[in-house]
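Right, one structure below, let's go through it.
Below, each value reflects all heavy atoms present in this structure, side chains not excepted, and no hydrogens, waters or symmetry copies.
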Amino acid sequence: MNKRFLQNVRFAPASSSFPISQNDFFHLKSKAFLVHKLSESTHLFLTNSLKSSILKLGFASDTFTINRLINSYVKLRETNTARKLFDEMPEPNVVSWTSVISGFNDTGQPQTALSIFQQMHEDKSVAPNEFTYASVFKACSALAEPRIGKSIHARLEMSGRRSNTVVSSSLLDMYGKCNDVETARRVFDSMIGCGRNVVSWTSMITAYAQNARGHEAVQLFRSFNATFERPNQFMLASVISACSSLGRLQWGRVAHGVVTHGGYERNHVVATSLLDMYAKCGSLSCAEKIFWRICCHSVISYTSMIMAKAKHGLGEEALQLFEEMVAKRIKPNYVTLLGVLHACSHSGLVTEGLGYLNSMAEKHGVVPDPRHYTCVVDMLGRFGRVDEAYALAKTIEVGAEQGALLWGALLSAGRLHGRVDIVGEASKRLIQSNQQVTSAYVALSNAYALAGGWEDSESLRLEMKRGGNVKERACSWIEIKDSVYAFHAGDLSCDESGEIVRFMKELEKRMKERGHRGGSSSSMIISSSVFVDVDEEAKEEIVSLHCERLALAFGLIHLPSGPTIRIMNNLRMCRDCHEAFKVISEIVEREIVVRDVNRFHCFKDGSCTCRDFW
DNA sequence: ACTCCGTGAC
């Protein structure tokens, strides 16, 4: 207690005419003082001592004071103490409930937040207000729990309570995080009445951006700018990530311009999203510039840069960056290790990759999870160690979604190395778990056909048709200047004059001169021009492996020249591919940047949304 | 009086 403060308290005279007694006055003053101190406290020690004073002075049943105390503990992330205080409250009010719920939200325990809300609902003594609903929707969006969220939304509507901007924003954010963009949009549209602010616009832009609908995100950003309000750092980071998923460097650059104009360049989140955008849009050099300008690096900025290098086939540099980060005592997390393993996988550093997998728990305190194992299975499979990959895959327990990636990786490995047994096993697992069903059927059918099991192959095709599984046509595109050109798998109509074939042969020749005989990329390039006796689906698969190269050739021959050609592909780069592009650069004497948009292509149901692009 | 919403690496 502050002694000077107590000494300075002048007590009112003890007369019956005075409305409060000396004792009351002391109480009121000390309560105000304690509450004031509580709001300032940033140390557990101070809050603890204030708590004992509060209890000693008999404020244990004073809801307002205890609410403040709960909040102080919530701010110190001492949720258990906050919870205990709350549980002992004789009369918790709506603020007490909401404070505890939001406390569990803030400490990453949304499940507990929801269970407290449920308790509040069953208790019935206190009705939730708009603050409570906003917190609860936030918990649902953290859990991506649409079922509970919807029922609470219904409860809110039934209560007849008018939604305010904050509640609606958290609601639309929740629907966005649960991948229900249409409902999110309906909530956004309904907000014309209660007023939208930057947060609600940002929530809607984010909902589009995080659900692979970058065009709508950018469109909405344009509409927002028409309102003459200024975007803030939250909105900019979201728009930039929409540009990344679209792979449109021009738009990304415009967004960068808005960032500079608004003075948000030094914001870390914005800078990291710019870094990621440049990397995904093919400009590693710009990504690096952004990276070196960041003054105080975090695990996320390092991870983004490691991923960027990995995607561009610069495995050694990515690993170097990782070691540098560890030396700076920035603790890597599971995403960082995923980046490291990706780097090894994309650059053929198999031994290094296995080393990182085996030592990451001990050295970096990150226990490998199914995603890390999937990455290593992919790496082993890519470099011909298919049996090891299969053996590893069998030991991993996965859910359906991750299983699709795991067995999908093994499927490609089996296909790449002509292992019918592995293709069969992987396809069956995919079909059984109802994941990537179409591509699994195609691969399985092709595997049977190759092995001579025509009857199996035929019956599978029938099964596929009955199930309504139609294979999406693979497609690639390139962006030159501000135009986008699309190429569909199996479509060689663009090659009327045979120039692509000639270009491919020239490339093959140069690759051979460089000693890349029979390497995966050169042989594949040639195969794209000579499918003669291959059946329709197998041909489509081959072309889908090559279409970015076809696109490139087409672009070189028929399209206006520019300083940079960027290629979107749905392949990961191996060392050979990288080498191929270097050779192409020499041929055309132009910078060629390759990018990887795996994320954009692959969705949970295995569908490809390339067509949304047009 | 105290309590609420939106951003970056996978």
Counting side-chain heavy atoms from CB outward, which of [options] is closest to [X]?
X: A:V95; options: B:dA9, B:dT3, B:dG6; value: B:dT3
X: A:T98; options: B:dT3, B:dC10, B:dG8; value: B:dT3
X: A:S102; options: B:dT3, B:dT7, B:dG8; value: B:dT3
X: A:K311; options: B:dC10, B:dA9, B:dC4; value: B:dC10
X: A:N67; options: B:dC2, B:dC5, B:dC10; value: B:dC2
X: A:K280; options: B:dT3, B:dA9, B:dC2; value: B:dA9
X: A:S169; options: B:dG8, B:dT3, B:dC5; value: B:dC5
X: A:F131; options: B:dT3, B:dC10, B:dA9; value: B:dT3

Spacing of [X] atom [atom1] relative to [N] atom [atom2], expressed in whole Å:
X: A:E288; N: B:dA9; atom1: CD; atom2: P; result: 19 Å
X: A:I116; N: B:dT3; atom1: CD1; atom2: C1'; result: 13 Å
X: A:N211; N: B:dC10; atom1: CG; atom2: P; result: 16 Å
X: A:N105; N: B:dC5; atom1: CG; atom2: C1'; result: 11 Å
X: A:N232; N: B:dG6; atom1: CG; atom2: P; result: 13 Å
X: A:D106; N: B:dC5; atom1: CG; atom2: C1'; result: 12 Å
X: A:Y133; N: B:dC5; atom1: OH; atom2: C1'; result: 16 Å
X: A:I101; N: B:dC5; atom1: CD1; atom2: P; result: 12 Å

With a non-hydrogen cut-off below 4.0 angstrom, is [X] in contact with a base, only sugar-phosphate, or nothing?
X: A:S170; result: sugar-phosphate
X: A:Y302; result: nothing
X: A:V167; result: nothing

Quick one: is [X] getting a side-chain N or O under 4.0 Å of the [N] phosphate, OP1 or OP2?
X: A:K75; N: B:dC2; answer: no
X: A:K177; N: B:dT7; answer: yes
X: A:T206; N: B:dG6; answer: no
X: A:K138; N: B:dG6; answer: yes
X: A:Q210; N: B:dG8; answer: yes

Can you confirm whether more than 12 heavy atoms, excluding those of A:Q111, are under 6.0 Å from its CD atom? no
Count the heavy atoms of every other residue, nucleotide or ligand shown that sit under 6.0 Å from CZ of A:R155, and state whether that count exceeds 12. yes
Polar side-chain contact [X]-[N] base: donor and acceptor under 3.5 Å:
X: A:N197; N: B:dG6; value: no
X: A:R371; N: B:dC10; value: yes
X: A:T272; N: B:dG8; value: yes

ring-ring contact (aromatic ring centres under 6.0 Å, His included), that's the test. Do A:F117 and A:W97 meet it? Break it down for me. CA-CA 8 Å; A:F117 180 70; A:W97 284 96; 9.0 Å; no
Between [Y] and [X], is there a salt bridge with N-O shorter than 4.0 Å?
X: A:E216; Y: A:R185; value: no
X: A:E88; Y: A:K84; value: yes
X: A:K75; Y: A:D106; value: no

With a 6.0 Å cut-off on ring centres, are A:H372 and A:Y356 close enough? no
